[in-house]
Amino acid sequence: MQETPDSDETPTSAPRNSDYVQTLARGLAVIRSFSAEREAMTLSEVAKETGLTRATARRFLLTLTELGYVRFDGRYFALTPRVLELGFAYLSSLSLPEIAQPHLERLVAEVQESASVAVLDETDIVYVSRVATQRIMRVSINIGTRFPAVSTSMGRVLLADLPGDLLDEALAATEMTAFTSHTITDEAKLRDELDRVRAQGWAFVDQELEEGLRSIAVPIRDQWGKAVAAVNVSSHASRTDLDSARRDLLPPLLVASARILADMAIQFG
């Protein structure tokens, strides 16, 4: 198929300076064309959404497939969990931690327990902000600390928000490790728990990552309702059970999440 000149294609129609990299702009346009409403698209649909010709869109889609950011089933293209790496780079910059920190401090002052914010990076959560009241884990948690998503409250609210196919890929790539006698290592039971988390909007993890540690988490959603991060409160098992966490920790946790989202909306429009 004969391609039209670059100037005829929507993403590059505006005048650009000499430093503008048109190829990068087109590749990002292809990634951005996918959304909650358009999780999987044909080549023609991607071309229509981006304003690129079919031949140009095809080259970018096949390149992204080769790099692992897109998968192709013979008809439909869709993003893979690897695109989370791109979002992680953004969320791990100063923006999200700076926004979240004062809200975590306020939350900790209210509940007198440690609180954190994390993002999903493939099969792990990565801590990007934290305020601790006292050390309640054997492992010291710092910015950048990683834990398996399946065994953490923040990981579960983020996994529960993934589309079914992306969740399947994440679980297939996860090694089910029994950190304690409480850890869920059976995939069917884990999926049941994720269904519960998805339905109720929060996750409670009881000593699955470490004996004596309980935590409750809620998602931080963007303006389209997608969970881009999670915030949790963690406590020693001697001070918190499911009922007290739901009664005393969940309401202020939901308020903190809403406040972080509101500040993100203000900063990023």
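For clarity, every value in this text was computed on a predicted model and none was experimentally measured. All residue numbers refer to positions in the sequence shown, counting from 1.
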(Q) Test your reading of the model: is there a side-chain donor-acceptor pair from Asp124 to the backbone of Arg146, 3.5 Å cut-off? (A) no
**Q.** Test item: Glu39 and Tyr76 side chains (from C-beta on) under 4.5 Å apart, heavy atoms
**A.** no
**Q.** Sole residue of Val233, Leu209, Asp206, Leu242 in side chain to side chain contact (heavy atoms under 4.5 Å, CB included) with Arg214
**A.** Asp206
Q | Co-membership, hydrophobic cluster, residues Leu120 and Ile143, 4.5 Å side-chain | A | no
Q.
Less than 4.5 Å apart, side chain to side chain, heavy atoms only: is that true for Val157 and Val218?
A. no
Q | Trace of the side-chain contact (heavy atoms from CB on, under 4.5 Å) decision for Val111 with Leu107 | A | CA-CA 6 Å; Val111 302; Leu107 175 62; 4.1 Å; yes
**Q.** Ion pair Glu113/Arg239, N-O distance below 4.0 Å
**A.** yes
(Q) Going by the rule side-chain contact (heavy atoms from CB on, under 4.5 Å), which residues pair with Leu67 if we only count those two or more places apart in sequence or in a different chain? (A) Thr63, Tyr69
Q. Between Ser244 and Asp241, do the side chains contain an N or O donor and an N or O acceptor separated by less than 3.5 Å?
A. yes
Q.
How long is the straight-line distance from CG of Leu24 back to CZ of Phe60, given to the nearest 0.5 Å?
A. 9.0 Å
Q.
Is there a side-chain contact between Ile216 and Asn232 in this structure, where contact means two heavy atoms from C-beta onward sitting under 4.5 Å apart?
A. no
Q) Is there a donor-acceptor pair closer than 3.5 Å between any side-chain N or O of Asp121 and the backbone N or O of Ile125? A) no
Q | Donor-acceptor contact below 3.5 Å, side chain Thr180 vs main chain Gln207 | A | yes
Q.
Please report the interatomic distance CG(Leu190) to CG(Leu159), rounded to the nearest 0.5 Å.
A. 7.5 Å
Q: Mind listing the closest non-hydrogen atom pair of Ala132 and Ser114 along with its distance?
A: CA-OG, 3.3 Å
Q) Tell me, do Phe204 and Val197 make a side-chain contact under 4.5 Å, heavy atoms counted? A) no
Q | No-hydrogen, no-angle side-chain donor-acceptor test under 3.5 Å, Ser44 and Arg54 | A | yes
Q) If you round to the nearest 0.5 Å, how far is CZ of Arg38 from CG of Leu79? A) 11.0 Å
Q.
Return the CD to OG1 distance between Glu208 and Thr183, rounded to the nearest 0.5 Å.
A. 5.5 Å
Q) Hey, does Glu110 have a side-chain heavy atom less than 4.5 Å from the side chain of Arg106? A) no
Q) Hey, quick one: are Met176 and Leu158 part of the same hydrophobic cluster, counting side-chain heavy atoms closer than 4.5 Å, chains of contacts allowed? A) yes
**Q.** Side chains of Leu213 and His236 in contact at under 4.5 Å (non-hydrogen atoms)
**A.** no
**Q.** Geometric class of the Phe77/Phe72 ring pair [parallel <30°, tilted 30-60°, perpendicular >60°]
**A.** parallel
Q) Do side-chain atoms of Ser33 reach the backbone of Thr50 as a donor and acceptor pair under 3.5 angstrom? A) no
Q: Measure the shortest side-chain to side-chain distance between Val126 and Phe147 over non-hydrogen atoms and say whether it is less than 4.5 angstrom.
A: no
Q: Working to the nearest 0.5 Å, report the span between CG of Leu52 and CZ of Arg26.
A: 6.0 Å
(Q) Is it the case that the side chain of Ser257 and the backbone of Pro219 share a donor-acceptor pair, with hydrogens and angles ignored and the cut-off at 3.5 Å? (A) yes
Q. Is it the case that Ser234 and Ser215 place a side-chain donor and acceptor less than 3.5 Å from each other?
A. no
Q | Donor-acceptor pair, side chain of Arg156 and main chain of Val150, under 3.5 angstrom | A | yes
Q | Common cluster, Val205/Leu194, ILVMFWY with side-chain heavy-atom separation under 4.5 Å | A | no
**Q.** Short side-chain to backbone donor-acceptor contact, Asp161 and Ala227, under 3.5 Å
**A.** yes
(Q) Whether the side chain of Glu175 engages the backbone of Thr177 through a donor-acceptor N/O pair (distance < 3.5 Å, no angle test) should be reported. (A) no
(Q) For Lys48, is there an ion pair with Glu45 - N to carboxylate O distance below 4.0 angstrom? (A) no
Q: Inspect the contact between Asp195 and Arg198 and indicate whether a charged nitrogen and a carboxylate oxygen are less than 4.0 angstrom apart.
A: yes
Can you give the donor-acceptor pairs under 3.5 Å from side chains of residues 245-255 to other protein atoms, not counting sequence neighbours?
residue	atom	partner	partner atom	Å
Arg246	NH2	Asp243	OD1	3.0

Q. Are Gln101 and Val117 close enough, and set up right, to give a side-chain contact (heavy atoms from CB on, under 4.5 Å), and what steps lead you there?
A. CA-CA 9 Å; Gln101 193 70 17; Val117 169; over 6 Å; no
Q: Measure from the side-chain N and O atoms of Thr145 to the backbone N and O of Asn142, and report whether any donor-acceptor pair falls under 3.5 Å.
A: yes
Q. Are any of the side-chain nitrogens in Glu187 or Arg191 under 4.0 Å away from the carboxylate oxygens of its partner?
A. yes
